[in-house]
Enquirer: 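This is the structure, below, for whatever I ask next.
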Amino acid sequence: MKLHEYQARDICAKYGIPVTGGGVAITPAEVRAIATHIGAPVVVKAQVFVGGRGKAGGVKLAQTPAEAELVGSQILGMDIKGLTVEKVLVAEAITYVNEIYLGVIMDRATKQIIVMASAEGGVEIEEVAKTNPDAIKKVAAHPTLGLLDYQARELAFAIGLTDGKQARQFASIASALYKIYMETDASLAEINPLVVKADGALQALDSKIVVDDSALFRHPDLEAMRDSSDEPLAEQQAREAGITFIKLDGDIGCMVNGAGLAMATMDVVNLYGGSPANFLDVGGGAGKDKVKAALQIILSDKNVKAVLFNIFGGITRVDEVAKGIIAALAEVDTDVPMVARLVGTNEVEGRRLLENSVLIPASTLGEGAQKAVAAAKAYAASKA
Ligand code: GDP
Ligand code: MN
C-alpha cells in the first residue's frame, strides 16, 4: 500500500527527519489560504500515486498567495499518467544548493536491506541509475543490528558529505529512515530530494513510503490512511472479499485455490500459448460466496476471453466450488467460455452439479489450459 507524500512526510517528521510544513488542499481557494498562512513562496504538489510528478507538471513553485491559487487551479484536476489530481500539498518553498537521493529497499537478490544514497538526487534519479550507477552508493544493513552508525557515516562520505556536522546529520536521517522502513513494515522508504541548503543543513522535500500489504494487519493506523481512489476496483473488491488477486494483461481469467497452484496454472497457460488475465487465489476452503465474488471480479475485466477454473479439492470441497460457480453464473450475464478442471474432495458430486452447465470439462491441468487457450481464440474470433 502506497502512502501519499503528505502522509509519508508526517511519519518522517515523527521520526525526527527535518521536513517542510504545510497543508493539504482540495480547492484553489484552500491553496491560497495555506499559502497566505505560510507567508512565503510555496511549492504546490500533486498528491497522486505516480513517480515523476515533477516532470509531469505536478510540482510548481509560486511566489505569492495569488500565484499559488492559480497554480493550484492548474494542478487540481490535472491528469497525471491516468490519475486525476484531487489533493495538493502546499508547502514552504525551500532554496537549496544540491539534491540528494536516499532510499531503503529490500534487495531480494542478496536478501538484505539496502540503504542507498546519491549526490545526484532529484527528478533524474532513474536516469542516473541507468547511465551512471556508480553514482549511487549502497550499504547493506546488518541483519540483526540494523543500520550501524559507521555505515550511515560511510554512506555520507561516499556521496561527498565530508563535513563532520553534515555527515552526522545525514547519518541521523538515514538511521531514522531505516527505522521507519522497519517499524512500518515498508517495502520502500525513500527521500528524494533530500536537499542541502545554503547553510549546509539537510532537509527532506519529498518522501515516499510503500507499506507491505501483508503486514497491514498489525498497522491499523497505517491501514486507516489508505486511499483507494486509484486502486483498480477489482483489486479493491478482491481485498474486501479476502481473495488474493493481481490483475495482469492477458485474456485468460484464472480461478485457482492455493498460491502455488495459481502460479503453476499461469505457467501452464503460458506454455500452451495463452496469456493469463490475472493471478487469483481463492484460498483454501473457499466456499460459495467467495467463488462467486472471484468469478465476478474476473469477469469485470473486459480483456477476459475465457476463464479457467483449476481447483484441487483438499480442504476445499469441489461441490462447494461448483455451487459457487453455478450461483455466480446465475447472476453474471456473460457469454465468455469457461473451462473447469475440478479434482479432489467431492469431485464426483461437483462434476455432477456442473453437468448441465455451460462449463467445458477438463480432467488435467494441461488439458484445461489447452481448452482455455482454444476457447479464448474462438471467442475473440467470434467477436471480431
Ligand atoms: P517528484 O517528481 O514526484 O519526485 O516530486 P518532488 O516532490 O521530488 O519534486 C520534484 C522537484 O521539484 C524536486 O526535485 C525539486 O527540484 C523541485 N522542488 C520540490 N520542492 C521544492 C522546493 O521546496 N523548492 C524548490 N526550489 N524546488 C522544489
Ligand atoms: Mn521526489
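Residues: numbered from 1 along the sequence shown.
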Enquirer: Can a donor-acceptor pair be found, under 3.5 Å and without considering hydrogens, that links the side chain of S357 to the backbone of L354?
Expert: yes

Enquirer: Report the C-alpha distance between V31 and V88 in whole Å, list the side-chain angles of each, state the deciding distance to 0.1 Å, and finish with yes or no for side-chain contact (heavy atoms from CB on, under 4.5 Å).
Expert: CA-CA 8 Å; V31 174; V88 290; 3.7 Å; yes

Enquirer: Any donor-acceptor pair under 3.5 Å linking the side chain of Q203 with the backbone of V196?
Expert: no

Enquirer: Look at R341 together with E367 and state whether they make a salt bridge at an N to O cut-off of under 4.0 Å.
Expert: no

Enquirer: Give the minimum heavy-atom separation between A129 and P133, together with the two atoms involved.
Expert: O-CB, 3.6 Å

Enquirer: Determine the minimum heavy-atom distance between K138 and I114, stating which atoms define it.
Expert: CB-CG2, 3.8 Å

Enquirer: Just by distance, do the side chain of H142 and the backbone of T144 share a donor-acceptor pair under 3.5 Å?
Expert: yes

Enquirer: Among all residues two or more places apart in sequence or in another chain, which pass the salt bridge (charged side-chain N to carboxylate O under 4.0 Å, His left out) test with E69?
Expert: R32

Enquirer: In plain terms, say whether K55 and E124 are close enough for a salt bridge, that is, a side-chain N and a carboxylate O under 4.0 Å apart.
Expert: yes

Enquirer: State, to 0.1 Å, how close L359 and A340 come at their nearest heavy-atom pair, and which atoms those are.
Expert: CD2-CB, 3.2 Å

Enquirer: Looking at K197 and D199, is there a salt bridge between them, counting it only when a charged N and a carboxylate O are closer than 4.0 Å?
Expert: no

Enquirer: State, with a plain yes or no, whether a side-chain heavy atom of R153 is found less than 4.5 Å away from one of F170.
Expert: no

Enquirer: Any non-hydrogen side-chain atom of H219 less than 4.5 Å from a side-chain atom of M1?
Expert: no

Enquirer: State the CG-CG distance between L342 and N346, to the nearest 0.5 angstrom.
Expert: 11.5 Å

Enquirer: For K60 and I75, indicate whether the former's side chain and the latter's backbone hold a donor-acceptor pair under 3.5 Å.
Expert: no

Enquirer: Check whether more than 12 heavy atoms from other residues, nucleotides or ligands sit under 6.0 Å from atom CD of E240, and answer yes or no.
Expert: yes

Enquirer: Could you give the distance from CD1 (I326) to CG (L353), rounded to the nearest 0.5 Å?
Expert: 5.0 Å

Enquirer: Any sub-3.5 Å donor-acceptor pair from Q237's side-chain atoms to A293's backbone N or O?
Expert: no

Enquirer: Hey, does the side chain of K87 reach the backbone of V48 with a donor-acceptor pair shorter than 3.5 angstrom?
Expert: no

Enquirer: Just by distance, do the side chain of S73 and the backbone of P28 share a donor-acceptor pair under 3.5 Å?
Expert: no

Enquirer: Is V336 close to Y379 at the side-chain level, that is, under 4.5 Å between some pair of heavy atoms?
Expert: yes

Enquirer: What I want to check is whether the side chains of D212 and S187 have a donor and an acceptor closer together than 3.5 Å.
Expert: no

Enquirer: Hey, is the main chain of R317 close enough, under 3.5 Å, to the side chain of E320 for a donor-acceptor pair?
Expert: no

Enquirer: Do R351 and E347 sit within salt-bridge range, that is, some charged N less than 4.0 Å from a carboxylate O?
Expert: yes

Enquirer: Would you call R352-E355 a salt bridge at under 4.0 Å N-O?
Expert: no

Enquirer: Identify the two heavy atoms, one from L299 and one from V307, that lie closest to each other, and give their separation to 0.1 Å.
Expert: CD2-CG2, 3.9 Å

Enquirer: More than 12 foreign heavy atoms under 6.0 Å from CG of D79: is that the case here?
Expert: yes

Enquirer: Does atom CG of D221 have more than 12 heavy-atom neighbours from other groups under 6.0 Å away?
Expert: yes

Enquirer: Surrounding CD1 of I26 (heavy atoms of other residues, nucleotides or ligands, distance under 6.0 Å), is the total greater than 12?
Expert: no

Enquirer: Is there a side-chain contact (heavy atoms from CB on, under 4.5 Å) between K208 and N192? Walk through the geometry before answering.
Expert: CA-CA 8 Å; K208 183 170 174 183; N192 186 35; over 6 Å; no

Enquirer: Are any side-chain N or O atoms of R9 and backbone N or O atoms of G22, one a donor and one an acceptor, separated by less than 3.5 Å?
Expert: yes

Enquirer: Should E235 and K247 count as an ion pair when the cut-off is N to O under 4.0 Å?
Expert: no

Enquirer: Under a 3.5 Å distance rule, please check whether K305 uses its side chain to pair with a backbone N or O of D251 as donor and acceptor.
Expert: no

Enquirer: Got a salt bridge between D335 and K383, using NZ or NE/NH1/NH2 to carboxylate O under 4.0 Å?
Expert: yes

Enquirer: Is there side-chain contact between P41 and L61, with heavy atoms separated by less than 4.5 Å?
Expert: no

Enquirer: side-chain contact (heavy atoms from CB on, under 4.5 Å) for M255 and L308? Distances and angles first, verdict last.
Expert: CA-CA 6 Å; M255 180 174 338; L308 172 59; over 6 Å; no

Enquirer: Would R53 and D206 count as a salt bridge (Lys or Arg N to Asp or Glu O under 4.0 Å) here? Give the steps.
Expert: CA-CA 11 Å; R53 293 169 308 172; D206 178 26; 3.3 Å; yes

Enquirer: What's the shortest heavy-atom distance between G253 and V304, and which atoms?
Expert: N-CG1, 4.0 Å

Enquirer: Measuring from E120:CD to D134:CG, what's the distance to the nearest 0.5 Å?
Expert: 10.5 Å

Enquirer: Should L102 and V115 be marked as a side-chain contact (heavy atoms from CB on, under 4.5 Å) after you check the CA-CA gap, both sets of side-chain angles, and the distance that decides it?
Expert: CA-CA 7 Å; L102 176 64; V115 183; 4.1 Å; yes

Enquirer: Is L216 close to V211 at the side-chain level, that is, under 4.5 Å between some pair of heavy atoms?
Expert: yes

Enquirer: For the atom pair NZ (K371) and OH (Y272), what is the distance rounded to the nearest 0.5 Å?
Expert: 12.5 Å

Enquirer: State whether a side-chain donor-acceptor pair under 3.5 Å links K45 with Y6.
Expert: no

Enquirer: Are the side chains of V24 and H4 in touch, meaning some heavy atoms are under 4.5 Å apart?
Expert: no

Enquirer: If you round to the nearest 0.5 Å, how far is OG of S207 from CD1 of I180?
Expert: 7.5 Å

Enquirer: Could you give the distance from NZ (K292) to CG (L329), rounded to the nearest 0.5 Å?
Expert: 11.5 Å

Enquirer: Per the side-chain contact (heavy atoms from CB on, under 4.5 Å) rule, which among L205, L177, N98, I173 passes with L194?
Expert: I173

